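FYI, side chains are in, hydrogens and waters are out, and symmetry mates aren't considered; it's all heavy atoms of this structure. Predicted model, so just to flag it, every value in this text is computed and none were measured.
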Amino acid sequence: MLNISNLREQKNKIVALLKIKNFDALDLIDLVIKKDNSRKLNQQKSDDVLSKLNQIAKEIGFLYKQGDLDKANAFKKSSAELKEESKRLSAIQKETQEEIKEILLQIPNIPHESVPAGNSEIDNEIIKEVGEIPKLHENSQPHWELTELYDLIDFNLGNKITGAGFPVFKGKGAKLQRALISFFLDQNINAGYEEYLPPSVANSDSMFGTGALPDKEGQMYHVTEDDLYLIPTAEVPVTNFFRDTIIKDFPIKCTAYTPCFRREAGSYGKDVRGLNRLHQFDKVEIVQIEHPDHSYSTLDKMVKHVASILDKLELPYRILRLCGGDLSFTSSLTYDFEVYSAGQKRWLEVSSVSNFESFQANRLKLRFKNKEGKSQLCHTLNGSALALPRIFAALVENNQTTDGIKIPKVLQAYTRFDSI
RNA sequence: GGUGAGGUGGCCGAGUGGCUUAAGGCGCACGCUUGGAAAGCGUGUAAACGGGAAACUGUUUCGGGGGUUCGAAUCCCUUCCUCACCGCCA
């Protein structure tokens with residue numbers, strides 16, 4: 001959520017930048033400023049009335065002590081009238097505030113100046129490509145064949161106990177999964193992130209805080225009995241640790257493994273085959289809370305960190321700067337990582353690293369004291385380091401040989417086997 | 001799930017309708033004192049939304065929401081959370 005004082009001060013700049021996201025914000029911004037003006041006026045009126053009421057109440061207390069009941073009763077009458085007025089004003093105030101919030105929730109985050117224009121993923125800017133595309137043997141296969149051949153994942157068993165999109169990992173498949181989680185966490189810890197293991201369900205306040213609500217209501221599993229949501233990413237619980245807090249030292253660096261749950265309503269076809277798109281998957285997330293002056297250099301460091309993990313796994317990958325049309329509602333700048341999946345001959349997204357600037361912090365009331373001693377919103381950043389399923393898919397596809405699947409060296413200490 | 005006790009500032013904690021502008025303490029900051037430190041003394045010490053060039057100033061906030069009252073941290077309703085014991089249980 002953007003804040004109104006910025007919208008006032010930099011209206012033209014913000015309108016221009018939001019065009020990169022293909023969003024015409026002018027009318028909404030004009031409307032919200034107009035509503036905010038009337039909110040201010042109304043607040044003044046309301047405060048005046050309350051101030052008078054407070055004075056009268058004190059006066060009556062004094063008169064009672066003096067025993068001057070007649071005078072006190074006269075005051076009571078005028079108090080009753082003011083109270084009506086106050087009720088009326090605060091009802092208007094409440095309504096106006098809700099209208100303002102509703103409008104603000106419709107305005108996406110402002111894209112960074114470096115975000116390229118564009119409508120869809122075709123327009124994303126490839127900024128780096130690393131590693132060689134592997135040449136596989138003649139009978140190479142996609143991972144959904146390999147996982148069946150080597151008995152690593154049982155998709156049918158998942159269908160039976162839950163439904164499509166809930167795979168059952170088994171044997172060396174389960175071990176490889178567990179190895180990747182440990183490996184990713186260790187890499188993040190070595191880079192200075194503190195490990196957390198948060199709950200996998202969160203309340204609506206938390207969902208609202210990071211923007212999953214109201215934006216993605218239909219994409220989440222909702223436990224209606226207790227009004228809790230299954231988390232779509234660890235970003236939700238971890239970032240919400242810092243909801244309503246005032247930060248003393250920057251940066252705050254957290255990493256967390258969690259399962260992630262997404263309904264993915266409307267997805268179908270070969271894009272969702274095998275591990276490509278799941279309802280439940282594992283992910284290790286990194287989150288940082290930063291001072292606004294340093295958030296972009298921190299974003300660069302996070303990108304380098306994720307790249308270093310992929311280097312160690314010896315997977316070919318490319319880094320994309322998302323164009324305005326592909327950028328999420330809440331993000332200012334996002335870099336996507338895609339690994340090449342040789343069995344499917346396509347690039348698969350495995351990480352998304354973003355700077356949200358103060359967009360999340362505004363809803364979270366996540367602040368720090370600046371040099372002038374005033375509270376100011378922090379910047380929040382996060383990224384996947386990394387999402388498991390497509391890494392798993394690329395590893396088994398790219399490392400398949402006629403003799404089996406080779407495990408990259410860095411993982412062998414975790415799997416305790418060097419091939420499948 | 002049952003019963004009981006609670007939720008007050010950064011922290012501890014007093015406060016059963018107006019003397020609270022939330023006592024007192026701890027912590028923190030600044031100053032005095034000192035050769036230096038400690039102790040001691042003094043001063044200050046939240047957030048949000050407004051007004052004002054500023055000094056300053058209005059309102060709200062004692063877990064959340066609602067109510068009673070001229071007036072609520074205090075009374076009532078409701079909800080969430082914490083703790084203790086019991087029950088169930090990985």
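Nucleotides B:U74 and B:G9 place their P atoms 15 Å apart, quoted to the nearest Å. The same atom, C1', is picked in B:A72 and in B:G17; the two are 7 Å apart, to the nearest Å. Nucleotides B:U8 and B:A90, compared at atom C1', are 38 Å apart to the nearest Å. Across the C1' atoms, B:U68 and B:U82 are found 29 Å apart, a figure rounded to whole Å. Of the P atoms belonging to B:C19 and B:U60, the separation is 15 Å, rounded to the nearest Å. B:A73 sits 15 Å from B:G64 when the C1' atoms are compared, rounded to a whole Å. Here, B:U78 and B:G24 have their P atoms 37 Å apart, quoted to the whole Å. For B:G66 and B:G10, the C1' atoms lie 31 Å apart once the distance is rounded to whole Å.
Note that A:Lys175 lies outside the cation-pi zone of A:Phe417, set by a 6.0 Å cut-off to the ring centre and a 45° limit from the axis.
Of the nucleotides present, B:G6 is the one that pairs with B:C81 by Watson-Crick or G-U wobble criteria, both distances under 3.5 Å. For B:G87, there is no paired nucleotide, since no Watson-Crick or G-U wobble pair has both relevant distances below 3.5 Å. Of all nucleotides present, none satisfies the Watson-Crick or G-U wobble test against B:A53 with each distance under 3.5 Å. B:C75: Watson-Crick or G-U partner is B:G67, with both key distances under 3.5 Å. If you check B:A46 for Watson-Crick or wobble pairing at under 3.5 angstrom, you find it paired to B:U61. Pairing for B:G17 is absent, judged as Watson-Crick or G-U wobble with the two contacts each under 3.5 Å. The nucleotide B:C41 finds its pairing partner in B:G31, both defining distances of the Watson-Crick or G-U wobble pair being shorter than 3.5 Å.
For the pair A:Lys365 NZ and B:A46 C1', the computed distance is 15 Å after rounding to whole Å. Rounded to whole Å, the distance from CZ on A:Phe368 to P on B:G10 is 19 Å. Atom C1' of nucleotide B:U21 and atom CD of A:Gln55 are separated by 15 Å, given to the nearest angstrom. Put simply, CZ on A:Arg8 is 13 Å from P on B:C49, counting in whole angstrom units. Rounded to an integer number of Å, the gap from A:Asp48 CG to B:C49 C1' is 14 Å.
Between A:Gly209 and A:Arg363 the shortest heavy-atom distance is O-CB, 3.8 Å. Nearest heavy-atom pair across A:Ser331 and A:Asn355 is OG-O, 3.8 Å.
When the nearest nucleotides of RNA chain B are assigned to A:Lys87 and A:Gln44 by heavy-atom distance, the more 5′-ward of the two goes with A:Gln44. Positionally, the nearest nucleotide of RNA chain B for A:Arg367 lies more toward the 5' end than for the other of A:Arg367 and A:Leu50.
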Atom pairs, N/O to N/O, protein against nucleotides 75-82 of chain B, distance under 3.5 Å?
none

Are there any protein N/O atoms within less than 3.5 Å of an N/O atom in nucleotides 70-73 of chain B, and if so, which ones and at what distance?
| residue | atom | partner | partner atom | Å |
| --- | --- | --- | --- | --- |
| B:C70 | O2' | A:Ser79 | OG | 3.2 |
| B:G71 | OP1 | A:Lys83 | NZ | 3.0 |

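When the nucleotides B:G50, B:A48, B:G66 are ranked by their closest atom to the side chain of A:Lys94, B:G66 comes out on top.
Here the rule is side-chain contact (heavy atoms from CB on, under 4.5 Å) with A:Ser206, and of A:Leu364, A:Asn240, A:Thr239 only A:Asn240 fits it.
Remark: side-chain polar atoms of A:Lys83 are not paired, donor with acceptor, to backbone N or O of A:Ser78 under 3.5 angstrom.
Classification of the A:Phe250-A:Phe368 ring pair by plane angle, with boundaries at 30° and 60°, yields perpendicular.
Looking at residues 34-43 of chain A, you'll see A:Arg39, A:Lys40, A:Gln43 sit with a heavy atom under 4.0 Å from some atom of RNA chain B.
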Worked check of salt bridge (Lys or Arg N to Asp or Glu O under 4.0 Å) between A:Arg8 and A:Asp36: CA-CA 10 Å; A:Arg8 276 178 197 281; A:Asp36 196 49; 2.8 Å; yes
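A:Phe169 and A:Phe392 have their aromatic ring centers within a separation under 6.0 angstrom.
Residues A:Asn124 and A:Asp326 bring a donor and an acceptor atom of their side chains to less than 3.5 Å of each other. Checked by atom type, the side-chain pair A:Glu235/A:Gln360 shows a donor-acceptor distance below 3.5 Å. One side chain, A:Lys283 or A:Thr233, offers a donor N or O that lies under 3.5 Å from an acceptor on the other.
Of the charged side-chain nitrogens involved, none lies within less than 4.0 Å of a carboxylate oxygen, so that A:Asp418 and A:Lys409 do not count as a salt-bridged pair. Classification of A:Glu85 and A:Arg88 as a salt-bridged pair holds, one side-chain N sitting under 4.0 Å from a carboxylate O.
Within the 4.0 angstrom heavy-atom criterion, only backbone atoms of the sugar-phosphate kind lie near A:Asn54; the bases stay farther away.
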